[in-house]
There are 2 protein chains.
Amino acid sequence: MLTDRQLLVLKVIVDDFIDTAQPVGSRNIAKKEQISFSPATIRNEMADLEDLGYLEKTHSSSGRIPSEKGYRYYVDNIMSPLQLSRGEVHRIRQSFSERMIELERVMQNSAHILSELTRYTTLVLGPQVYETKLKQLQIVPINQQSAIAILITDTGHVEHRSFAIPAELEHADLEKTVNILNEKLSGVPIVYLSQFIETEVKHLLQKYTNDFQKSYQLLNQALFTEQPTNLYVSGKTNILMQPEFADIDKVRSLFQIMESEDQIAPILKSEDEGLHIYIGRENKIEEMNNCTLITTTYSLGENQVGTIALLGPTRMDYAKAVSILDIWSGQMTKQLQKWFNEQ
Amino acid sequence: MLTDRQLLVLKVIVDDFIDTAQPVGSRNIAKKEQISFSPATIRNEMADLEDLGYLEKTHSSSGRIPSEKGYRYYVDNIMSPLQLSRGEVHRIRQSFSERMIELERVMQNSAHILSELTRYTTLVLGPQVYETKLKQLQIVPINQQSAIAILITDTGHVEHRSFAIPAELEHADLEKTVNILNEKLSGVPIVYLSQFIETEVKHLLQKYTNDFQKSYQLLNQALFTEQPTNLYVSGKTNILMQPEFADIDKVRSLFQIMESEDQIAPILKSEDEGLHIYIGRENKIEEMNNCTLITTTYSLGENQVGTIALLGPTRMDYAKAVSILDIWSGQMTKQLQKWFNEQ
DNA sequence: GTTAGCACTCAGTTGTTTCGAGTGCTAATT
DNA sequence: AATTAGCACTCGAAACAACTGAGTGCTAAC
């Protein structure tokens, strides 16, 4: 267990390093008002903290920087949640003020605002697709050859896709197909759609339409295209502002990671809900080993869970980042509950 | 006027520098097969080319690099269009294979493919909004409180917006309003919409709906929101691969420019159609002064013109970039014509 | 237990030297 | 008259030494 003075020294070092990105020396610590003892004393304490693994030196006669363990301790035991400014809280609230029908807009907007407030990179992962259900399907003809399908899921995902109407499909068949689809498919989980169509819809189409082949083709074009993107990244450029990314190679590899949803999505999906902090090598992606990732979840309905995360250097303003995520996820969950009940 | 030999030397230097990003010395030039004279001769030619302003030295005893004037001469008089590989042409063609209903998808897809093929950054600017006309409007109710409006313009822009249905609006009124809107608004240029509504639609609504206020509110919510994004950027990360952007500060300022549509859009809108090359300081943005921007236009209907551009270092593979843009814009214009006539 | 004092360490900066790729000029060659 | 070999010269880059200063650890005094 650390003494009070060790705690204080550790806190001052972490705070200072978060601020300046420079190793902290005993002399500078002694200058702070909170500190009432001499550099020599601090040096002794620092030596002890280093032995315990909370601090590191960049070289034998440098000041100290926090180790990953040091950050961990700071985050778990020292850090006090920051009181956000009224303006900051307002901005977060604001992003929920529009009527929420499309979850996408809210997520995109949130990503933008959070990355502006924190100056870190924001990653938002939408709710898991395998749980979402089709709520409504509309097919709007545009002209003789084409139509637009509008899909709305119970998670507020709205999507339009345009597609060609199979040539020579009779108008009556088109109408019937749409009716059948609309009636039968609402409430069906997206992942079971194709299976469900085989077992429940196919025979109806065969029975009620004149040209089954064409109707079936229509249906497939309307419903099955690529999966919608589920990951929103905002503020990538903020990474460039951090001195730890002065090296272009690091930026390059990190940017490449962030461009592929496949690599990012798994690490955002944490096992359990709530706030998680992954400091340095605690996350599994090598290119991110000098970063910290703070994730938190928001929930929509029963099991539907999405994730929002902030990515910054390990030397991150933890207090602020955590406070902002907390407020956001609280607001988000509240809003979603309200919205979910309304439906 | 340059002699044939000067032309050859200039070409070899530009080609070599495009390839290696290193100043080119007389010795290395002499080694090339195309060259049948000694380093000393080349040195004399290089000195002349430098006097004429086509070449530069990085320091007094370095090899030569092309000046902006040198690139300009190369582009205007020396460069021969590159024969693209079958695979490359195929990839470009492919991006037009889907049925085109939504211009957005095509643009996004094109941006992606071109930045992959060239390894530069691609910027696509959609057709000017002030010329586009509303082609069709559909309002699809989702539940008691909300509906989705689908707007389709004659340029193939498809957009959906969700909005709240004003409380207590009668269903009959909703239907009537939609009908009136659909009937009256198609073909109206977007920018005149609000004016047109005042003069042509307002009195109809007053006449045929019970609660004019509510209907009018509905209409405004459905039609007037932010302007859709018109600029698609792809392959920003490619910039990081260029050795001229090893300096993080340059990357930073360039990325910041590219994030704001306001700054990029004006330089993409060139006065006249066809291909344009802006080498170095020929473009007006200071942060882009060591870049080359190659733009070309595509047209849709009569006056509707969009722009696509490739952004890379001044040391760009001009021949390839130009060929690729040429092919793309040809395909695009052809497809759009076909599509436009069909409608 | 705390702190002043001091020797020691090491990154970073500055100055010096060396190396080599490249030039420009002159004189010899074709 | 055009080309080329030869050579002195230039200058960036790399390698190395000297110097500086912020910082440490240890010891002895307070």
Side-chain angles (χ1 to χ4, degrees), chain A residues 1-10 12-17 19-67 70 243-244 246-247, chain B residues 1-10 12-17 19-67 70 243-244 246-247:
Chain A
M1 195 47 206
L2 299 185
T3 66
D4 281 356
R5 197 165 64 190
Q6 284 173 326
L7 231 65
L8 177 61
V9 171
L10 181 55
V12 169
I13 291 176
V14 175
D15 284 339
D16 194 76
F17 187 69
D19 202 41
T20 64
Q22 295 298 321
V24 191
S26 54
R27 225 161 179 295
N28 281 311
I29 297 177
K31 278 183 203 144
K32 315 240 165 193
E33 332 163 341
Q34 325 148 47
I35 302 294
S36 55
F37 25 90
S38 75
T41 312
I42 294 165
R43 281 203 289 281
N44 290 330
E45 297 289 18
M46 289 201 295
D48 290 351
L49 285 168
E50 189 179 352
D51 287 344
L52 292 167
Y54 297 112
L55 296 179
E56 281 172 358
K57 289 192 257 193
T58 58
H59 59 90
S60 76
S61 72
S62 75
R64 302 304 207 289
I65 61 171
S67 65
E244 23 275 280
D247 177 13
Chain B
M1 196 45 207
L2 298 185
T3 66
D4 281 355
R5 197 165 64 190
Q6 284 173 326
L7 231 63
L8 177 61
V9 171
L10 182 54
V12 169
I13 291 177
V14 175
D15 284 338
D16 195 75
F17 187 69
D19 202 41
T20 65
Q22 295 297 321
V24 190
S26 55
R27 227 162 178 295
N28 281 310
I29 297 176
K31 278 182 205 145
K32 313 241 166 196
E33 334 164 337
Q34 324 148 49
I35 302 293
S36 54
F37 25 89
S38 75
T41 313
I42 294 165
R43 282 203 288 281
N44 291 330
E45 298 289 19
M46 289 201 295
D48 291 350
L49 285 168
E50 189 179 352
D51 287 344
L52 293 168
Y54 297 112
L55 294 180
E56 283 172 357
K57 288 193 258 192
T58 59
H59 60 89
S60 76
S61 73
S62 76
R64 302 304 207 289
I65 62 172
S67 67
E244 23 276 281
D247 176 13

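Please read all numbers here as calculations on a predicted model, not as lab measurements. Within every chain, numbering begins at 1; the chains are lettered A, B, ... in the order of the sequence lines, protein sequences first and strands thereafter.
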Exercise for the section: Starting at atom CD of Glu45(A), determine the distance to atom P of dT3(C), rounded to an integer number of angstrom. Expected result: 11 Å
Practice task
Write down the distance between CD1 (Ile65(B)) and C1' (dG12(D)), rounded to a whole number of angstrom.
Solution key: 14 Å
Practice task
State whether Ser26(A) places a side-chain N or O below 4.0 Å from either non-bridging phosphate oxygen (OP1 or OP2) of dT24(D).
Solution key: yes
Exercise for the section: Using a cut-off of strictly less than 4.0 Å, decide whether Ser38(B) has a side-chain nitrogen or oxygen near OP1 or OP2 of dT4(D). Expected result: yes
Exercise for the section: Using whole Å, report how far CZ of Phe37(A) lies from C1' of dG1(C). Expected result: 13 Å
Problem - OP1 or OP2 of dG24(C) under 4.0 Å from side-chain N/O of Lys57(B) - result: yes
Handout entry: Thr3(A) vs Leu8(A) side-chain heavy atoms within contact, under 4.5 Å
Key = no
Handout entry: Side chain of Arg43(A) - closest among dC10(C), dG25(D), dC11(D)
Key = dG25(D)
Handout entry: Any N/O donor-acceptor pair, Ser61(B) side-chain to dT10(D) base, under 3.5 Å
Key = yes
Handout entry: Side-chain touch Tyr54(B)/Ile13(B), heavy atoms, less than 4.5 angstrom
Key = no
Completion exercise
Closest to the side chain of Ala40(A), out of dC11(D), dA4(C), dT4(D), is dA4(C)
Exercise for the section: Drop me the distance from Asn28(A)'s CG to Ile35(A)'s CD1, to the nearest 0.5 angstrom. Expected result: 11.5 Å
Exercise for the section: Report yes if a donor N or O on one partner sits less than 3.5 Å from an acceptor N or O on the other, where the partners are the side chain of Arg27(B) and the base of dG22(C); otherwise report no. Expected result: no
Practice task
Report yes if a side-chain nitrogen or oxygen of Thr41(A) is closer than 4.0 Å to either non-bridging phosphate oxygen (OP1 or OP2) of dT2(C); otherwise report no.
Solution key: no
Practice task
Measure from CE on Met46(B) to C1' on dC25(C) and round the result to the nearest Å.
Solution key: 14 Å
Exercise for the section: Rounded to the nearest angstrom, tell me the gap between atom CG in Asn44(A) and atom P in dA4(C). Expected result: 13 Å
Problem - Presence of Arg64(B) side-chain N/O under 4.0 Å of dG24(C) phosphate oxygens OP1/OP2 - result: yes
Exercise for the section: Identify which nucleotide among dG25(D), dT4(D), dG24(C) has an atom closest to any side-chain atom of Glu50(B), counting heavy atoms from C-beta outward. Expected result: dG24(C)
Tell me which donor-acceptor pairs under 3.5 Å the side chains of residues 36-43 of chain B have, and how far apart each pair is, sequence neighbours excluded?
| from | atom 1 | to | atom 2 | distance (Å) |
| --- | --- | --- | --- | --- |
| Ser38(B) | OG | Ala40(B) | N | 3.4 |
| Ser38(B) | OG | Thr41(B) | N | 3.4 |
| Ser38(B) | OG | Thr41(B) | OG1 | 3.2 |
| Arg43(B) | NH1 | Ser26(B) | OG | 3.3 |

Problem - Euclidean distance, atom CD1 of residue Ile29(B) to atom C1' of dA21(C) [Å, nearest integer] - result: 13 Å
Exercise for the section: Look at the side-chain N and O atoms of Asn28(A) and state whether any lies under 4.0 Å from the OP1 or OP2 oxygen of dG23(D). Expected result: yes
Problem - Gap between atoms NE2 and C1', on His59(B) and dA21(C) respectively (whole Å) - result: 9 Å
Practice task
For Gln22(A) and dA22(D), give me the distance from atom CD to atom P, rounded to whole Å.
Solution key: 13 Å
Problem - Spacing of Asp16(A) atom CG and Arg64(A) atom CZ [to the nearest 0.5 Å] - result: 14.5 Å
